[in-house]
Structures are given as structure tokens and as C-alpha cells.
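Below, read A as the first sequence line, B as the second, and so on, with proteins coming before strands; counting in each chain starts at 1.
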Number of protein chains: 2
Amino acid sequence: MTVQKSAPSAVSRSAATRKRTRIQQEKEQLILEAALDVFSRHGFRGSTIDQIAVQAGLSKPNVLYYFRTKEAIHRRLIDRLLDNWLEPLRGINQDGDPLSEIQSYIRRKLELARDFPRESRLFANEILQGAPHIQEELHDLRDLVDRKSKIINGWIEDEKIAKCDPKHLFFSIWATTQHYADFDAQIRVVLGPKEDGNDRFEDAARFLDQLYVDGLRK
Amino acid sequence: MTVQKSAPSAVSRSAATRKRTRIQQEKEQLILEAALDVFSRHGFRGSTIDQIAVQAGLSKPNVLYYFRTKEAIHRRLIDRLLDNWLEPLRGINQDGDPLSEIQSYIRRKLELARDFPRESRLFANEILQGAPHIQEELHDLRDLVDRKSKIINGWIEDEKIAKCDPKHLFFSIWATTQHYADFDAQIRVVLGPKEDGNDRFEDAARFLDQLYVDGLRK
DNA sequence: ATAAAATTTTACCATATGGTCAAACTTTAC
DNA sequence: GTAAAGTTTGACCATATGGTAAAATTTTAT
């Protein structure tokens with residue numbers, strides 16, 4: 001019977017679901033926060049462990065003490081992200097008022113884009129590169145979309161909203177809302193310097209509300 | 001008086017607007033084609049000159065004979081891209097029927113996404129990273145959008161289409177159409193294996209047509 | 001206070017990568 | 001055919017980068 005006596009590491013502990021030390025908790029969060037910043041700005045391959053370490057105020061080997069590899073950091077971020085990201089979609093309620101359900105879905109997605117633009121860009125980067133790290137999670141998404149599409153189709157059959165392809169409806173909602181985070185650099189230039197009293201996201205919300213309500217009303 | 005007798009290079013010639021040899025033309029196109037493939041899949045930093053060289057069937061130094069740096073290749077691609085990319089927007093005609101003009105703008109943008117997905121992803125990558133290489137070009141875009149927004153506003157004043165914010169209208173059109181190229185990996189999974197007789201882009205076109213026509217009709 | 005466990009640092013290593021250079025080779029103009 | 005111009009290659013270089021090992025330091029439990 002051999003005993004694991006080799007180097008202790010945060011990694012082996014976390015893998016083994018043992019309790020985490022205070023420092024571990026803090027540093028992991030610190031690293032993830034820094035990594036989110038770096039990854040969302042430069043993509044996976046464009047980011048270096050050193051950049052993340054500097055941003056987190058740690059040394060590179062110290063970062064690697066908490067996460068075995070660069071990929072491990074990325075994976076954790078993506079996992080954490082997807083949970084929150086799909087929450088609004090999960091929230092669509094069959095028994096609610098169809099148009100209100102869709103409206104509030106759009107509003108919640110837009111709020112996510114406003115409040116978590118880095119997460120949106122992290123996701124966009126990953127999909128743009130062909131989603132190499134999240135094929136599995138995407139299949140969960142497909143199941144979720146399938147279920148929610150059935151709800152939409154139900155509303156259509158009940159003649160509560162206009163006939164349309166539910167999946168393309170979702171695509172368009174994702175596209176229009178996430179666009180405000182992902183294409184921020186373009187939008188900033190096109191809208192020009194912000195005039196006071198004008199909130200980009202307010203205007204977007206108003207526009208999308210009108211577009212979808214009028215576009216989907218029976 | 002010293003004579004420039006050092007290494008001849010395609011670069012120096014191209015910079016000096018001299019006539020280009022047949023080989024130069026061919027190889028440059030070959031490299032740009034390969035680079036488009038590589039850059040659009042891995043982003044700028046995620047791509048290597050070697051990858052581009054292999055894809056083009058050339059050696060790395062040979063690639064660098066035609067383009068001084070990796071950035072130079074990228075820049076040329078982006079320049080070439082923007083020209084085509086903005087063409088549909090330029091085509092919006094004040095004197096046409098408003099709804100038809102918008103419909104055909106959407107259709108043309110969707111066709112670009114279908115026929116030039118690599119270009120779309122190249123652009124998306126660039127914007128996602130904060131548009132570091134195309135600030136100048138983005139300002140041209142702003143002017144163009146300003147002009148076209150005035151047209152839309154004119155139509156609104158004439159009560160030919162519903163009141164809306166023209167810029168956000170453009171944002172939503174860009175988002176929804178480009179989404180089909182940029183988020184291809186996600187869309188593929190969500191739609192599942194292609195059933196025959198079903199064309200993703202046909203369905204998208206139908207959906208968007210309905211959304212915008214009903215959403216904008218006066 | 002002390003020993004064990006956890007954390008951090010210093011010094012590395014191997015590989016990948018952007019880019020250079022000069023020699024070898026090919027094409028073109030005459 | 002020949003010389004000049006243009007093209008291609010192989011050998012390199014400097015730096016960046018992901019990752020490792022072990023020693024040094026700090027924290028925690030007792």
C-alpha cells in the first residue's frame with residue numbers, strides 16, 4: 001500500500017473534492033478573475049499565463065500551483081460561465097404570457113450582455129474558434145433549446161404568437177443581445193461619444209422590444 | 001552615390017507601386033487565401049506564419065518574402081474584406097421602397113454570411129479583440145452609418161416605416177446575419193444533423209424577413 | 001512552540017515562433 | 001545564350017511561452 005506523499009498541490013486537493021483552504025479559495029478566485037479579463041480580451045491562444053499572473057499579482061508558477069495548465073483555467077471559466085449564461089433560457093415559462101415571457105427573456109439576456117461583457121466575449125471567442133472545448137456542454141444546450149422550442153411551438157399552435165421557427169428566434173435573440181457585448185468596439189465608434197442622458201442599453205432594449213413584440217404579435 | 005543593390009523583394013516592389021510579376025500576383029493570392037483560412041479559424045495571435053505557409057504550400061521564408069510580417073498579411077486581408085463587407089450598406093437607396101430596401105439589405109448581408117463565413121469570422125475576431133487594427137476604417141463606417149441613418153429617419157418622418165432607432169436597427173441586422181457565420185459551431189449543434197431539403201440559410205432568411213417586415217411595418 | 005501541511009519563489013527546460021540572411025536556383029528581358 | 005532580376009531554400013537567431021523541480025517560506029493545527 002503506497003501513500004501519496006509527493007508534492008502537495010491545490011490541484012490534487014481540488015480534484016479530490018477535499019475541503020479547500022482559505023488561501024486556495026481566495027487565490028483561485030483571484031486567478032479566475034484575472035484570467036477572465038485576459039482571455040476575454042485576447043482569446044485563448046492570444047493569452048499567456050504570465051499575463052494572467054501579472055494581472056492577478058502572482059508569479060507564473062504560483063498560478064500553475066492552483067491550476068495545472070492554462071487550459072484548466074479556461075475550462076473552469078467556461079464552466080462557470082455556461083451556468084449563468086443559460087439561466088434566462090431555463091427561465092422561460094410555458095404557463096406565462098407568451099409575449100411577456102419572450103420580452104423578459106430578451107431583457108435578461110441584454111442585461112447579461114451589459115453586466116457581464118467579458119463573459120460574453122469569452123463565450124464568443126470560444127464559439128468563433130469552433131467551440132473546441134465545449135462540445136459536450138453545447139449538447140446540453142441543444143437539449144435545452146429543444147425543450148424550449150416545444151414551448152414556443154405550443155404558443156404558436158394556440159395562436160398566441162405569430163408562426164415562426166423557434167430556433168431561429170432564439171438565434172436572433174442571442175445574436176442581437178450578445179452583439180452589444182461582443183461588438184462593443186464597433187458599436188462605440190458608430191454611436192460616437194456618449195451624450196449624457198443617453199444609455200446605449202436603454203436604447204437597445206427599447207429597439208429590441210419593439211422589434212420582437214411587433215414582429216411576433218399575432 | 002550608393003545604389004540599392006541589396007535583396008530584391010516582392011515587398012519593396014509592391015510598396016513602390018511598380019508593376020507586379022505574374023508569380024508575385026499568384027503567390028500573394030495563394031498566401032492571402034491560406035491566411036484567411038488560418039486567421040479566421042484561430043484569430044490573429046492564434047495563427048502562425050508556419051500554418052499559413054503549410055496551407056499555402058510554401059516555406060515560411062517564402063511567405064515572408066511576399067509579406068514583410070504576419071501583421072502585413074492580416075492587414076491586407078482586413079482591407080480587402082471591408083470593401084466587400086460594406087457594399088450592401090452602401091447600396092441602400094433613399095428612393096427605393098423602404099421596406100424592400102431593408103429586406104434586400106438583410107438578404108444581401110445574409111448571403112455574405114453564407115458565402116463568406118471566413119471573412120465574417122475574421123472581422124468578428126478583429127472586433128472582439130477591440131478592433132486594434134481597424135480604428136481608421138471603423139470611422140469610415142461611422143460616417144456611412146450616419147448617412148444611411150438619415151435615410152431611415154427620412155422614411156420614418158414620411159411615415160413609411162415604424163419609428164425606431166436606425167443605428168440599433170443596423171446593429172440588429174448585422175448581429176442576426178453575421179451570427180450565422182460567426183456562431184456556426186453553436187448553430188450546427190443546436191440544429192442537429194441537417195435533414196435534407198432543409199436549408200439553414202433559407203430558414204434564417206424566412207425568419208428574419210418576417211421579423212423585420214412585421215416589426216417595422218407602419 | 002513546533003511539526004506538518006500548504007504556499008511561494010527561484011532557477012530552469014524544451015519547444016514554438018516571428019523573423020533574418022546569404023546562398024542557390026529560376027525566370028525574364030534582350 | 002546570357003546577364004540581370006526575381007524567387008526559393010536551409011540554416012539560423014532571439015525571444016516568448018507553457019510547464020517543472022526543488023528549495024524556501026508561510027500558515028495551520030496541536
Side-chain angles (χ1 to χ4, degrees), chain A residues 3-31 34-35 38-39 42-77 132-133, chain B residues 3-31 34-35 38-39 42-76 133:
Chain A
V3 183
Q4 279 298 104
K5 251 207 150 175
S6 58
S9 83
V11 176
S12 65
R13 296 184 127 256
S14 76
T17 336
R18 268 182 243 168
K19 74 181 170 209
R20 304 185 159 196
T21 66
R22 176 184 53 85
I23 291 176
Q24 235 170 93
Q25 301 244 11
E26 287 172 9
K27 294 292 164 72
E28 277 180 15
Q29 287 317 306
L30 198 65
I31 292 167
V38 175
F39 280 138
H42 307 293
F44 180 75
R45 281 221 43 191
S47 304
T48 70
I49 303 179
D50 248 329
Q51 280 175 68
I52 295 169
V54 167
Q55 179 106 356
L58 301 174
S59 67
K60 184 167 69 161
N62 202 0
V63 167
L64 288 165
Y65 172 71
Y66 291 103
F67 294 90
R68 213 184 290 281
T69 64
K70 182 175 151 185
E71 257 206 70
I73 307 176
H74 190 254
R75 206 180 298 263
R76 273 279 287 281
L77 278 177
H133 304 109
Chain B
V3 183
Q4 277 298 102
K5 251 206 148 177
S6 60
S9 82
V11 177
S12 65
R13 295 185 129 259
S14 75
T17 337
R18 268 182 243 166
K19 73 181 172 211
R20 305 187 157 194
T21 67
R22 175 184 54 85
I23 292 177
Q24 235 171 93
Q25 301 243 12
E26 289 172 6
K27 293 292 163 75
E28 277 181 15
Q29 287 317 307
L30 197 65
I31 292 167
V38 174
F39 280 138
H42 307 292
F44 180 76
R45 280 221 43 192
S47 304
T48 71
I49 303 179
D50 249 329
Q51 281 174 68
I52 294 170
V54 167
Q55 179 106 357
L58 302 174
S59 67
K60 184 167 69 160
N62 203 0
V63 168
L64 287 165
Y65 171 72
Y66 291 102
F67 294 89
R68 212 186 290 282
T69 63
K70 181 175 150 186
E71 256 206 72
I73 307 176
H74 191 254
R75 207 180 298 262
R76 274 280 286 281
H133 305 110

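One cannot find a donor-acceptor pair under 3.5 Å joining the base of dG19(D) and the side-chain atoms of K70(A).
Look at Y65(B) and you won't find any side-chain N or O under 4.0 angstrom from OP1 or OP2 of dG19(C). Not one side-chain nitrogen or oxygen of R45(B) sits closer than 4.0 Å to the OP1 or OP2 atom of dA16(D). S59(B) has no side-chain polar atom (N or O) that falls below the 4.0 Å cut-off from OP1 or OP2 of dT8(D). Here K27(B) reaches the OP1 or OP2 of dT8(D): one of its side-chain N or O atoms lies under 4.0 Å away. Between N62(B) and the phosphate of dT7(D), there is no side-chain N or O to OP1/OP2 separation shorter than 4.0 Å.
Of the residues near DNA chain D, T48(A) and P61(A), the one whose nearest nucleotide (by heavy atom distance) lies more toward the 5' end is T48(A).
Atoms CZ (F44(B)) and P (dG18(C)) sit 8 Å apart, rounded to a whole Å. Atom C1' of nucleotide dA5(D) and atom CD of Q24(B) are separated by 11 Å, given to the nearest angstrom. The distance from atom CD of Q51(B) to atom C1' of dG19(C) is 17 Å, rounded to the nearest whole Å.
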key: Derivation and outcome, side-chain contact (heavy atoms from CB on, under 4.5 Å), residues I73(A) and Y66(A)   = CA-CA 9 Å; I73(A) 307 176; Y66(A) 291 103; over 6 Å; no

key: side-chain contact (heavy atoms from CB on, under 4.5 Å) assessment of I31(B) paired with E28(B)   = CA-CA 5 Å; I31(B) 292 167; E28(B) 277 181 15; 5.6 Å; no

ask   = Between K70(A) and H74(A), does a side-chain contact (heavy atoms from CB on, under 4.5 Å) hold up when you go through it step by step?
value = CA-CA 6 Å; K70(A) 182 175 151 185; H74(A) 190 254; 6.0 Å; no

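The residue K60(A) sits close to a base: some heavy atom pair falls under 4.0 Å.
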